[in-house]
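Working notes, structure below.
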Amino acid sequence: MAAEALVETQDLYFSRGRRAVLTGVDLRIPRGAIVSVMGASGGGKTTLLNLIAGSLTPSRGRVMVAGQEPTRLNKNALYQLRSRMGMLFQHSALFTDLSVFENVAFPLRRHFSLPDGILRKLVLMKLEAVGLRGAAGFLPAELSGGMARRVALARAVVMDPMLILYDEPFTGLDPISIGIIATLIKRLNDALGATSVIVSHDVHETFSIADYGYILAGGRIIAEGTPQALHDSPSELARQFLSGNPDGPVPFHYPAPCAYDRALEMDTVAGEER
Amino acid sequence: MAAFDFIPNLGNRILAMVPRLGTASRFLVLGLAAIFSRHFSFRQLLRQVYGLGVLSLALMIVAAFFTGMVLGFQGYYALVRFGATSALGTLVALSLLRELGPVLTALLFAGRAGSALTAEIGSMKATEQLSAMDMMAVNPLAWVVAPRLWAGIIAVPILCVIFDLVGVWGGYLIAVPVLGVDGGTFWAQMQSNVTFTGDIMNGLFKALCFGLLVTWIAAWQGYAAQPTAEGVGSATTRSVVTASLAVLGLDFILTALLFK
């Protein structure tokens, strides 16, 4: 983790209404690395990605991406920064009215005036990289979940970004598709010399490709390190998450009043009714 | 004391509405101004004019035809008592040009195109397509919203002109061949009593305002929808109800202001 940081958050806080989602998150993502941010569902992982992308503004603290603070940039500067970022969404977010080819070509068409021949080559090259050159003419509705995710991945990397953000890239996929996506993330990160941030709760697949990982719980980082170091973490919460134990620091039972309190409450209500 | 809660509740509702109206107004201004953005596409605009306007044509023509025919019957019923059936052409034309044409066009547009627009933008939001666009440094207001807003502003006045023409033709078909009103009188009275600026432009101005209003409400409801299936469904219903009531309310205001 000695390399220069591409993304850094310092004392990051974020709240939705009165609910605190992130409470003092410090993380550092070095250039060229694949870094995973893991944690239970609803733990603020996607919020963290949105803060990095500049889609949300922190309540306190700051996010730095390539030396810039996304939330302090005006719209044009933010778009300049985002044109060097790619993002894979949890549900692929393909444009349903465009073909696979046009989906991948979309960012290129919007940002550059490329001759048709060059644009075609660039798009087919990216589709070839994800193994879907033959599906270029399909509509998103004709694709399986795994294929849609691969098209979305091709679209996320078509501008050769410096930073790729993955929001739950393995969710809802079959084991073969999960393996393909994991391999592609690793291969594309190395080939493009990019930096990847993977937000996920799929421990096994994420650890198979991540260089470094953070575990997020209760709005804070509770453990960090290489996959092996995380497995050996002294944090009980981290160990419960990684081993998938149903009970532990995160209790199996949702908090409820104890039987005595409930009986007392019922007696009070009955007394009032009398 | 529950009755006394009514006043603070009403006050709270109105206060909550003010920031929403402000956000929606900002959305409208930015959406319209996005025509100057480099991400605005005239090809998209043409596609939307086709989708919102041309595909609404059949509905408008059928509705206009029946409205004109009903006006022919009802107008004749009222005028024949005073021996004034020669004014039937004027009555049909003025009813359509000044009032029924713009209002019915806008109401039908809200039901057919406005609901589809809300559902489309809402679904794009629910499936993260708008977020994906924003992440690709493409402004969704310029690519998705602006072409739809401008398409509504362009399409509704044109649909209104077609509505008026077909309606007048429907009225003629009832008045002259069915009820025996003299054809020459029907057209001559219409020609001498309908003014271009006072009646035709007045109606078109209304249609332009309604087009902007309906498309704004429809686009905003989709853009602000909860990103769930239920959220998109209720936004679509809200879009049609709000747009229809807003058209009727604005029609009253415009009629009062433009009344001569």
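The structure presented is a predicted model; accordingly, all values stated were derived computationally and were not measured. Every chain is numbered from 1 and lettered A, B, ... according to where its sequence line falls, protein lines coming before strand lines.
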Atom [atom1] of [X] with >12 non-hydrogen neighbours under 6.0 angstrom:
X: A:Glu69; atom1: CD; value: yes
X: B:Arg112; atom1: CZ; value: yes
X: B:Phe27; atom1: CZ; value: yes

Residue-level contacts of residues 90-100 of chain A with chain B, using a heavy-atom cutoff under 4.5 Å: A:Gln90, A:His91, A:Ala93, A:Leu94, A:Phe95, A:Thr96, A:Asp97
Within residues 141-157 of chain A, residues adjacent to chain B where the heavy-atom gap is under 4.5 Å: A:Arg155
Donor + acceptor pair across side chains of B:Ser239, B:Thr118 (<3.5 Å): yes
Closest non-hydrogen atom pair between A:Thr46 and A:Val199, with its separation: N-CG1, 4.2 Å
Any chance you could measure [X], atom [atom1], to [Y], atom [atom2], to the nearest 0.5 Å?
X: A:Leu81; Y: A:Leu163; atom1: CG; atom2: CG; answer: 8.5 Å
X: A:Tyr79; Y: A:Leu73; atom1: OH; atom2: CG; answer: 12.5 Å
X: A:Ile164; Y: A:Arg84; atom1: CD1; atom2: CZ; answer: 13.5 Å
X: A:Ile29; Y: A:Thr195; atom1: CD1; atom2: OG1; answer: 8.5 Å
X: A:Leu165; Y: A:Arg82; atom1: CG; atom2: CZ; answer: 10.0 Å

Engaged part of B:Ser41 at the chain A interface, taking heavy atoms whose separation is under 4.5 Å: neither
Qualifying residues under side-chain hydrogen bond (donor to acceptor under 3.5 Å, both in side chains), relative to A:Arg62, sequence neighbours excluded: A:Gln10
Side-chain heavy-atom pair A:Met87, A:Asn50 within 4.5 angstrom cut-off: yes
Side-chain touch B:Met133/A:Arg110, heavy atoms, less than 4.5 angstrom: no
B:His39 and A:His111 aromatic ring geometry - parallel, tilted or perpendicular at 30°/60° bounds: perpendicular
Sorted by number, residues from residues 139-155 of chain B in contact with chain A (heavy atoms, under 4.5 Å): B:Asn139, B:Pro140, B:Trp143
Option in B:Arg38, B:Gln129, B:Met136 with maximal non-hydrogen atom pairs under 4.5 Å from chain A: B:Gln129
